[in-house]
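Reckoned from all heavy atoms, side chains included, excluding hydrogens, waters and symmetry mates. Every chain is numbered from 1, with letters handed out A, B, ... down the list of sequences.
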Amino acid sequence: MIIRFGFVAMAMSLKNASPSQTMTVSTFEKIIDREAALRKITRIASSNLMNSLRILRHAVASGVHVYRFSSKLLPLYGHELTAVWDYFRYLAKDLEEVGKFVKKNKIRVSFHPDHYTLLNSPSQNIVARSIEDLIRHVQLFEAMGLDPQAKLVIHAGGGYQDKQRSLQRFIANWSLVPDQVRERMTLENDDRTFTAKETVQLCETVGIPMVLDIHHHKCNPAGTELRDLAEPIFNTWQETGLQPKVHISSPKSETDCRSHHELINADDLLPFLDISRELNQDLDVMIEAKNKDEALFQLVKDLAKRPGFVQIDGGSFRYRP
DNA sequence: ACCTGTCAAGTCTGG
DNA sequence: CCAGACTTGACAGGT
């Protein structure tokens, strides 16, 4: 069984390489010459894309094959202040260059639109804006020339006092989601509302893959066991040509279980790796830790000393029975 | 150079 | 019914 590790957005090992620089609304509004403000935003976006490329080069050089882009690549993209501006006209070359590097090096990439993106809201306006946000993320992948194996992951949404109705509303709203989004969409269990079991059932209903977050499951298990959920979750990936992806993070402390620690404690991950090994299931594991790539390297170093782990490169292992 | 309050977005809690 | 927490890196305005 093969395990590959990935990291999110930033690389702590690189200096001055933020992929998420931005401009606030108040700064934008203070610039009288709107055209100048929009050009400045475009310069920041270009820098974010070139820093993403630096991070990807660093990942490849380190043997890392899995990466999640920052969702803040294009400042204020989607805000009404910038509605007149065609970001892609000016950023096409940068996006293409990033995409070419991803394809050439076969890096598995994704986006995680943030928790304001809700497909199950009772407000049709919020649902409509969320779909627009998902489309904007898809447009980025398309401009990079990346096929539907480049995925989006979001949560099932809010509970709104009635989880069952809220799940039904997700299913009803799914008909509003265009194909270009559907074919890239995946869902992740969250740490307070929708459990892994509820999320995998929802994924089965709408026919999309599920990303298991091991830490969220620990916060929000509702009496379910990962051992029983692993197979159904893995099955949701069957048609995609991709191996299942899971998220791992370690709690900051016992009292603050939900926050992310700087590093990954291997003990938080090993039980699930053992389940996957029993099922002979290859896995991609996304590290969600404050120390980003350095948490990945630390975990790799730790696992390399343990029985059964045969290191392939800086970011992957063969895990033997 | 460094520090502190603020930031596009929505939901949930507690008062 | 409304203010504040939630999470986070980075801005913005102060020193």
Open item on the list: Can you work out whether A/K292 or A/R192 has the more 5'-proximal nearest nucleotide on DNA chain C?
Closed with: A/R192
All N/O pairs under 3.5 Å across the protein-nucleotides 13-15 of chain C interface:
from: C/dG13; atom 1: OP1; to: A/K30; atom 2: NZ; distance (Å): 2.2

Open item on the list: I want to check one thing: is the phosphate of C/dG9, taken as OP1 and OP2, less than 4.0 Å away from some side-chain N or O of A/Q21?
Closed with: no
- [ ] Check every strand shown and say whether A/S18 touches a base, only sugar-phosphate, or nothing at a heavy-atom separation below 4.0 Å.
- [x] sugar-phosphate
Open item on the list: For A/H247 and A/H216, I'd like to know if the aromatic rings sit close, meaning centre-to-centre distance below 6.0 Å.
Closed with: no
- [ ] Using whole Å, report how far NE2 of A/H260 lies from P of C/dT7.
- [x] 9 Å
Task: Distance, C1' atom - from C/dC6 to B/dC3, rounded to whole angstrom - done: 23 Å
Open item on the list: Output the rounded distance in Å from CG (A/N291) to P (C/dT8).
Closed with: 13 Å
TODO: For A/G159 and for A/Y77, locate the closest nucleotide of DNA chain B by heavy-atom distance; then report the residue assigned to the nucleotide nearer the 5' terminus.
DONE: A/Y77
Task: A/S130 side chain vs A/T117 backbone, donor-acceptor pair below 3.5 Å - done: no
TODO: Measure the shortest side-chain to side-chain distance between A/S276 and A/M1 over non-hydrogen atoms and say whether it is less than 4.5 angstrom.
DONE: yes
- [ ] Look at all strands and tell whether A/R129 reaches a base, only sugar-phosphate, or nothing, counting heavy atoms closer than 4.0 Å.
- [x] sugar-phosphate
Open item on the list: What I want to check is whether the side chains of A/S249 and A/H215 have a donor and an acceptor closer together than 3.5 Å.
Closed with: yes
Open item on the list: Assess whether a salt bridge exists between A/D133 and A/R129, defined as any Lys/Arg side-chain N lying under 4.0 Å from an Asp/Glu carboxylate O.
Closed with: no
Open item on the list: Is it true that A/N189 and A/T195 share a donor-acceptor pair across their side chains at a distance under 3.5 Å?
Closed with: no
- [ ] Would you jot down, in residue-number order, the residues of residues 161-175 of chain A having a non-hydrogen atom under 4.0 Å from DNA chain B?
- [x] none
Open item on the list: What is the first contacted nucleotide of DNA chain B and what is the last, in 5' to 3' order, if contact means an atom lying under 4.0 angstrom from a heavy atom of chain A?
Closed with: B/dA8 to B/dC12
Task: Whole-Å gap separating P (C/dC11) and NZ (A/K72) - done: 10 Å
Open item on the list: Between C/dT7 and B/dC2, how far apart are the two P atoms, rounded to whole Å?
Closed with: 28 Å
TODO: Would you jot down, in residue-number order, the residues of residues 110-118 of chain A having a non-hydrogen atom under 4.0 Å from DNA chain B?
DONE: A/D114, A/Y116, A/L118
TODO: Both distances under 3.5 Å, Watson-Crick or G-U wobble: on that basis, could you give the dot-bracket string for DNA chain B, with [ ] for crossing pairs and | for other-strand partners?
DONE: |||||||..||||||
Open item on the list: Less than 6.0 angstrom from the centroid, inside 45 degrees of the normal: does A/R136 satisfy that with respect to the ring of A/Y77?
Closed with: yes
Task: Spacing of A/L14 atom CG relative to C/dG9 atom P, expressed in whole Å - done: 16 Å
- [ ] For nucleotides C/dG4 and B/dG5, find the distance between their P atoms and express it as a whole number of Å.
- [x] 15 Å
Task: Main-chain N/O of A/A59 paired to A/D293 side chain as donor or acceptor, under 3.5 Å - done: no
In a table with atom names and distances, give each donor-acceptor pair under 3.5 Å that connects a side chain of residues 121-128 of chain A to protein atoms at least two apart or in another chain.
from: A/S121; atom 1: OG; to: A/S123; atom 2: N; distance (Å): 3.0
from: A/S123; atom 1: OG; to: A/N125; atom 2: N; distance (Å): 3.3
from: A/S123; atom 1: OG; to: A/I126; atom 2: N; distance (Å): 3.0

- [ ] For this output row, return yes or no: ring centroids of A/H112 and A/H155 closer than 6.0 angstrom.
- [x] yes
TODO: Output every pair passing side chain to side chain donor-acceptor pair (under 3.5 Å) with a member in residues 96-107 of chain A, not counting sequence neighbours, ordered by first then second residue.
DONE: none
Open item on the list: A/D284: which residues meet the salt bridge (Lys or Arg N to Asp or Glu O under 4.0 Å) condition with it, sequence neighbours left out?
Closed with: A/R4, A/R108
Open item on the list: Under 4.0 Å, counting only non-hydrogen atoms across every strand here, what does A/S123 touch: a base, just sugar-phosphate, or nothing?
Closed with: nothing
TODO: If a pair satisfies ring pair (Phe, Tyr, Trp, His ring centres under 6.0 Å) and one of its residues is in residues 22-63 of chain A, list it, with sequence neighbours excluded.
DONE: A/H58-A/F297
Task: Contacts of type salt bridge (Lys or Arg N to Asp or Glu O under 4.0 Å), residue A/R277, not counting sequence neighbours - done: A/D274
Return a table of donor-acceptor pairs under 3.5 angstrom between the side chains of residues 170-177 of chain A and protein atoms on other chains or two or more places apart.
from: A/N173; atom 1: ND2; to: A/L119; atom 2: O; distance (Å): 2.7
from: A/N173; atom 1: ND2; to: A/R169; atom 2: O; distance (Å): 3.4
from: A/S175; atom 1: OG; to: A/A172; atom 2: O; distance (Å): 2.8

Open item on the list: Which residues pass the ring-ring contact (aromatic ring centres under 6.0 Å, His included) test with A/F7, not counting sequence neighbours?
Closed with: A/Y67
Open item on the list: Just by distance, no angles: are the side chains of A/H137 and A/S71 close enough, under 3.5 Å, to form a donor-acceptor pair?
Closed with: yes
